[in-house]
Structures are given as structure tokens and as C-alpha cells.
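One structure is given below, encoded as C-alpha cells.
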Protein chains: 2
Amino acid sequence: MRNNATLKKISDHLNVSISTVSRALKDHPDVSPDTKKRVKELAMLMDYEPNAFAVNLRKKHSNVFAIIVPEISNFFYHSFVQAVEEDARRIGYSVMILQSMNDPEVEEQNLRLCRHNHVAGIFVAITNKTTDLTPFKKLEAIDIPLVFFDKVPTDDTFNKVSIADYESGWMAAEHLLTATAKHVLLVMGNNKLSITRRREEGFTDYYHKHQCKKKLAVVYADHIEEARQAVLDYFAANKNTPTAIFSMSDEIMCGVLKAIHTLKLQIPKDIQLLTISNGFLPTLFTPDISFVKTSGYDLGKLSFVRMQEIMGGKKFVRENFLTSSYYPGGSM
Amino acid sequence: MRNNATLKKISDHLNVSISTVSRALKDHPDVSPDTKKRVKELAMLMDYEPNAFAVNLRKKHSNVFAIIVPEISNFFYHSFVQAVEEDARRIGYSVMILQSMNDPEVEEQNLRLCRHNHVAGIFVAITNKTTDLTPFKKLEAIDIPLVFFDKVPTDDTFNKVSIADYESGWMAAEHLLTATAKHVLLVMGNNKLSITRRREEGFTDYYHKHQCKKKLAVVYADHIEEARQAVLDYFAANKNTPTAIFSMSDEIMCGVLKAIHTLKLQIPKDIQLLTISNGFLPTLFTPDISFVKTSGYDLGKLSFVRMQEIMGGKKFVRENFLTSSYYPGGSM
DNA sequence: AACATTGCCACAAACGTTTGCAGTCATCGC
DNA sequence: GCGATGACTGCAAACGTTTGTGGCAATGTT
């Protein structure tokens with residue numbers, strides 16, 4: 001450890017006090033222009049960087065945000081992170097990414113880590129299985145601002161930013177049901193999550209409102225493999241197989257595609273497909289999968305705004321929504 | 001900020017000194033079993049957690065590792081991170097993920113952040129465009145251990161852990177050239193990177209050693225879109241179009257698939273395809289893409305071992321390699 | 001009985017920074 | 001000439017932890 005230029009060393013060289021150096025470096029009006037200049041020059045020369053530990057110890061919180069997601073290998077979360085990183089960088093903060101591996105226990109460990117490191121704020125998309133919210137309450141008790149995004153709990157006492165899920169479900173129904181689909185299978189995620197319930201509600205509300213005579217069925221799955229199996233099971237159990245599938249997310253779509261692959265069905269001839277997606281994965285397939293777009297990037301921007309509001313003292317709790325739009329592909 | 005149980009508060013309640021509390025909590029032999037018990041009980045009751053800032057300030061380094069990758073939305077890096085996280089957790093460390101966005105400037109900012117936070121160690125996969133290695137040298141000068149993985153610089157003075165790239169290129173050639181391919185197009189990444197050069201070398205060495213009479217061509221691309229365009233350009237420029245494509249990575253494969261899609265070619269009838277991959281993406285397509293598997297997870301494990309060696313004082317510089325194997329799909 | 005050993009504990013310095021307060025000049029108004 | 005103002009600077013405490021050193025009994029050794 002050589003490169004340890006400290007305030008003290010600078011002050012020794014210049015025969016001034018530590019406090020003067022400290023103030024000079026942050027342009028405090030109390031110190032003369034001349035000393036400021038000398039201090040800054042030497043600091044530059046010595047490659048001085050304030051010791052983050054000491055600063056944080058003093059200020060009692062660090063300048064890094066944490067983002068906790070079930071799995072980062074996900075284009076939606078990826079673009080979310082990107083948006084937050086951009087904004088954080090702009091105000092001199094940085095971002096640390098934590099994965100819960102979809103395991104509430106790991107999630108809690110990560111929260112401990114955040115508490116332990118007194119992060120400036122936390123963005124979190126909860127696990128499918130998260131039920132105990134006390135670790136989150138604990139965070140608020142020690143004044144660490146918290147913004148839930150995408151996968152948010154149903155609890156009303158938290159700040160949340162989410163996709164306009166109802167609307168995107170409605171939009172999906174609108175496009176899929178006006179196509180020739182006779183028998184539609186909805187493949188949804190964990191039905192305890194509000195994201196799932198809202199998207200399904202949006203879809204089925206459209207369905208009922210327009211008094212569709214088509215057959216509608218719903219299955220639920222927590223991850224790729226379950227989604228694949230659920231589709232295969234449904235096809236095995238129903239003589240009259242579906243003519244279209246609605247998938248509520250990228251992850252579900254991967255499972256659905258695997259099932260379609262296994263069943264050797266052709267898209268869109270044998271089966272039509274519509275998903276809700278961030279937009280990257282659907283373009284990798286042939287034909288392109290049609291999707292209702294939900295932008296992780298925009299959600300990140302929105303979340304950051306909310307975070308700053310909270311940090312600025314606006315403590316009132318609310319939930320924000322982000323709108324979505326339809327991108328036709330070749331799968332319908 | 002309420003939950004601030006400190007050593008001092010505990011010591012006050014128990015009428016012992018701060019140092020005794022500190023030692024009691026870490027089972028120092030100097031303190032009596034009885035006091036230990038009392039201290040630990042009260043600490044538990046007060047929900048005491050050591051203040052990380054103070055600990056780090058004292059110890060001069062934190063217990064978090066940093067992983068810097070061009071883009072985290074990548075299954076290879078994702079499984080790498082997973083492996084490192086597992087091992088780090090085991091020794092009480094945590095991991096922070098940083099993205100360079102494939103931009104050397106952001107990469108350097110991230111390195112600054114690491115230096116600034118005195119991370120325990122850094123795992124880094126460099127940018128395609130990284131040429132200036134001085135920021136990395138600077139890191140070693142202040143004793144922050146550094147392990148390059150996957151995308152490593154050519155410089156010989158660093159610790160590196162990488163895929164046995166030559167071997168995987170060789171293996172790919174072995175399988176692709178014994179298939180009926182008459183005219184093979186190699187789509188490679190940035191050819192300044194050793195990963196690219198080695199994979200290509202492995203492939204072409206096999207080709208020459210076996211005196212294949214087939215036509216061989218190589219194009220380079222830095223990202224998905226460039227890969228797509230490179231393939232389209234090659235097809236446009238060559239009357240005799242390739243019968244097979246070798247892609248050196250998941251990312252390149254995505255571009256290649258888009259091009260194949262644009263050209264409306266059938267796999268494997270019109271064009272055969274073999275890629276090097278972590279194994280997730282190839283299974284999402286129909287037919288499955290054949291691939292030579294490189295495990296990000298295993299690479300993570302290996303890198304962590306190397307990191308621990310360095311931290312343990314074994315300073316000698318070396319490069320480790322990880323072997324790969326072939327997974328047949330339906331694309332050949 | 002004198003001395004060394006051991007078990008337990010407290011004191012205090014250090015890590016590097018920030019910041020309220022007080023001190024030292026010189027200048028200015030009267 | 002005297003108090004007041006203002007510009008600049010230094011002192012010292014605080015943030016919470018770790019750890020070397022030394023003290024003080026009680027026990028063991030000769």
C-alpha cells in the first residue's frame with residue numbers, strides 16, 4: 001500500500017493544518033484563494049483521493065446505491081440497471097448489483113449487506129417467494145430509502161414503481177384476440193405476484209368485456225422449466241389444443257418456446273405466440289416473436305426519479321406506473 | 001437512524017471496556033467464558049452489527065470483491081458471477097458487479113471506484129477496446145489483487161484465467177469440418193483480443209494440419225449488429241455462399257442468427273452452424289444450435305481459487321486454462 | 001516467603017475525515 | 001487609540017473499530 005496520500009501528508013508538506021487542506025479541497029469560503037491553489041496543486045500532484053471509509057464513517061452513509069434483482073441475466077433488469085447507473089453516475093454515486101438467485105434467504109442476506117454498508121438507497125425487485133417483509137421494514141426504520149420495482153409486494157406501505165401491468169395485459173388481449181386465435185392458453189408467472197395478477201386481470205377483463213367466445217385457459221409457472229412442463233402438460237391433457245399462447249414474460253417465453261420446439265409445432269402456422277418483453281429476446285427467433293414492450297430502461301429512469309424524491313425528503317408513499325406499447329413480429 | 005448498537009453502548013450496559021466487548025465477540029482467548037456469554041447475549045439482543053466503515057477504515061480494505069465485465073446481460077458472465085458469489089459468501093465476503101458497457105472510459109471509472117473503495121480484489125474481463133493498461137498497473141501498485149478472466153490482455157505481467165481457447169477452436173474445427181461443410185465462414189470477435197486469436201488459431205491449425213480442401217474465410221465483428229452485417233456482406237460478396245458458419249461466442253451467434261433469418265436460410269439444410277457457448281442460448285432455438293461448451297461457472301471457480309492464492313501471498317504471475325467439450329445439437 | 005506465571009481486563013493510540021469553535025492578525029470607523 | 005469587523009487558519013472532538021501494552025489479582029513454583 002503505497003499510494004496513500006492523506007490530508008495529513010499534504011498539510012505537512014505545506015505547513016498548514018489538516019482542516020485547512022480539507023476545506024481548501026472543497027472550496028470552502030473560509031480559506032484564501034492562494035492556499036486553495038497551493039493545496040489543490042499538491043493534491044493533484046500526489047494523486048490524492050479521499051479515503052472513502054473515513055468519509056463514510058464520518059457521514060454515516062456511503063454513496064452507492066444497491067439494486068437487488070432475482071437474476072441479473074435478464075434483459076429487462078439489465079436495461080433497468082443501465083438506466084440507474086447512468087443517473088447515479090451523474091450525481092457522483094455508484095451502483096452495486098446484488099442477485100437474490102430467486103431465494104428469499106439470499107435476498108435477506110443481501111439486505112443485511114446493504115444495511116451493513118449503509119447504502120444510499122435500494123432498488124429491489126423481489127423474489128417470487130418473498131413473503132416476509134420485515135427485513136424491508138427494518139431498512140426503512142434506519143432511514144435507508146427503498147424503491148420496489150417490477151416485482152413489487154402487495155403491501156401498501158412501500159414505494160413502488162411498476163409497469164402498467166393491467167394495461168399491458170389488456171393490450172396483449174386486444175392484439176391476440178383480434179387475431180384468429182380460437183383457443184388461447186395464458187402462461188403466467190407466480191400468481192402471488194401482483195405483476196402476474198394484474199397482467200392476467202387486464203387480459204381477462206378485455207376478454208370478458210368483448211364477450212369473446214374463444215376458449216381461454218391459464219397455467220402458472222415459476223421459471224423456464226416449469227413453463228415448458230406446464231405447456232406440455234396442457235397439450236397432453238387437452239385434445240383440442242390451443243391455437244395461440246400468451247406468455248407474460250421473457251422467461252416464460254423461453255419455456256414456452258422449448259415446449260413448442262418439443263411438440264414440433266410451427267409458428268405461427270400451428271400456434272400463435274405473443275409475449276410481454278423488453279424487446280431483445282423476441283428478435284432473436286425466426287420468425288420474430290410479437291410482443292408488448294415494457295422498457296426496463298424507462299422503468300429505471302422513473303425509479304431513480306422516485307428515489308431522489310424520497311432522498312429529498314418527500315416521504316409520502318406512492319406507486320408509479322409506466323406505459324407500454326405493441327410491437328408486431330411474425331408470430332401472429 | 002436508530003439501530004446503532006455500538007461496542008461502546010454494549011460496554012456501557014455491561015460495565016466492561018470497549019476492547020473487552022470487541023474481543024469477546026470474536027472469541028479472543030483473553031476474555032473469560034462468562035463475560036463472553038454475557039456480551040454475546042446482549043449483542044444479540046441489541047441486534048448489534050459491526051460498523052463496516054469503521055472496520056474497513058481500521059483494516060484498510062473492505063471485504064467485497066468487484067467483478068468488472070463489459071456487459072452483465074450475458075449468460076457466460078452471469079454464471080461466472082454466480083460461482084464467484086458462492087465462494088465469496090463462503091468466506092464472508094460479498095461481490096459487487098460493475099459494467100464497463102464495453103467502454104474503456106467507464107472501465108477506468110469503475111477501476112477508480114474500486115481503488116477508492118479499497119475492494120478486496122478485482123475480477124475483470126476487459127473491454128474490446130481496452131489498450132491502456134496503466135490503470136490496472138496502478139491497482140497492483142496499491143496491493144489490490146487482480147485476476148483477468150475470459151477477455152484478458154496480451155500483457156504477460158498479469159494473472160489471467162481463461163478458457164482453453166486454442167483447444168475449443170480446435171475442437172470446433174474437428175466437428176464442423178468432419179461434417180459435410182464445403183465452405184466455412186468463421187465469424188470472430190475483435191481480433192485484437194487473445195480470446196479471438198487463440199480460437200481462430202485453434203480452428204485454422206486443425207484445418208491446415210488435416211489439409212482440408214474446403215474453402216475457409218474469416219470475418220470479424222465487435223457486437224451483434226456488426227456480426228449480422230458482416231455475414232450479410234460476406235453472402236452478398238460471394239457467389240458461392242458458405243455451407244457452414246462457425247461463431248466464436250453467444251453474442252456473435254445472435255448476430256449470425258439474425259443474418260440467417262434475414263437471408264431466409266434453413267438450419268441445417270441451407271447452412272450449418274456451430275458456436276462456442278455457455279450452453280443456455282443454443283437450446284432456445286429450433287433446432288438446437290450445436291456448441292462447444294465453455295463453462296462460466298467453472299471459470300468462476302477457477303478464478304476464485306487463483307484470487308485466494310494471490311491474497312494468500314503467492315505473487316507469481318501465471319495464466320490458468322479451463323478445458324471445454326462438445327455438445328451436439330440439431331444445427332449440423 | 002519471594003518470585004514467576006497465568007487469566008482477565010482496561011487504557012489509549014491509531015485509521016482519515018469533517019466541522020464547530022476559537023484564535024490571530026490586519027484593517028476600518030469613530 | 002480603541003473596539004469592531006472580517007479574513008484566514010488551527011485545535012480538537014467525533015465517527016466505531018482493532019490491537020499493542022500494561023496492570024492487577026490469583027495461582028503455581030522454588
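Chain letters run A, B, ... following the sequence lines, proteins first, then strands; residues in each count from 1.
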Sugar-phosphate only, base, or nothing, as touched by B:Asn15 at under 4.0 Å among non-hydrogen atoms: sugar-phosphate
Integer-rounded Å distance: D:dT17 P and A:Asn117 CG: 14 Å
B:Thr35 vs C:dC9: side-chain N/O to OP1/OP2 distance below 4.0 Å: yes
Among D:dT19, C:dT17, D:dG16, the one nearest A:Leu57 by side-chain distance: D:dG16
Atom-to-atom span, CG of A:Asp34 to C1' of D:dT9 - whole angstrom: 13 Å
A:Ser22 side-chain proximity, nearest of C:dT19, D:dT17, D:dT9: C:dT19
Distance, rounded to the nearest Å, where A:Ile18 contributes CD1 and C:dG16 contributes P: 10 Å
Over 12 foreign heavy atoms within 6.0 Å of NZ, A:Lys192: no
Non-hydrogen side-chain atoms of B:Gln109 and A:Arg89 separated by less than 4.5 Å: yes
Residue B:Ser32, side-chain atoms from C-beta onward, closest of C:dT17, D:dT17, C:dC8: C:dC8
More than 12 heavy atoms from other groups under 6.0 Å of NZ on B:Lys37: no
Distance test, side-chain N/O of A:Thr20 to OP1/OP2 of D:dG10, below 4.0 Å: yes
Minimum-distance nucleotide to A:Val16 side chain [options: D:dG10, D:dC15, D:dT9]: D:dG10
Aromatic ring pairing A:Phe53/B:His118, orientation class (parallel under 30°, perpendicular over 60°, tilted between): tilted
Sugar-phosphate, base or nothing in reach of A:Asp30, heavy atoms under 4.0 Å: base
Residue whose nearest DNA chain D nucleotide is more 5′ - B:Asn51 or B:Arg23: B:Asn51
Rounded distance (Å) that lies between atom P of D:dC15 and atom CD of B:Glu49: 19 Å
Side-chain N,O (B:Ser17) to OP1/OP2 (C:dA10) below 4.0 Å: yes
A:Lys137 NZ/CZ over A:Phe158 ring centroid, <6.0 Å and within 45° of normal: yes
Whole angstrom value for the distance that separates P of D:dG16 from CG of B:Leu25: 16 Å
Atom pair distance, as rounded to whole Å: CG in A:Leu7 and C1' in D:dT9: 15 Å
Options D:dC15, C:dG16, D:dT17, nucleotide nearest the side-chain atoms of A:Lys60: D:dC15
Euclidean distance, atom CG of residue B:Asn56 to atom P of D:dC15 [Å, nearest integer]: 18 Å
Between C:dA14 (P) and A:Lys8 (NZ): distance, integer Å: 10 Å
C:dC11 phosphate, OP1 or OP2, under 4.0 Å from B:Ser19 side-chain N/O: no
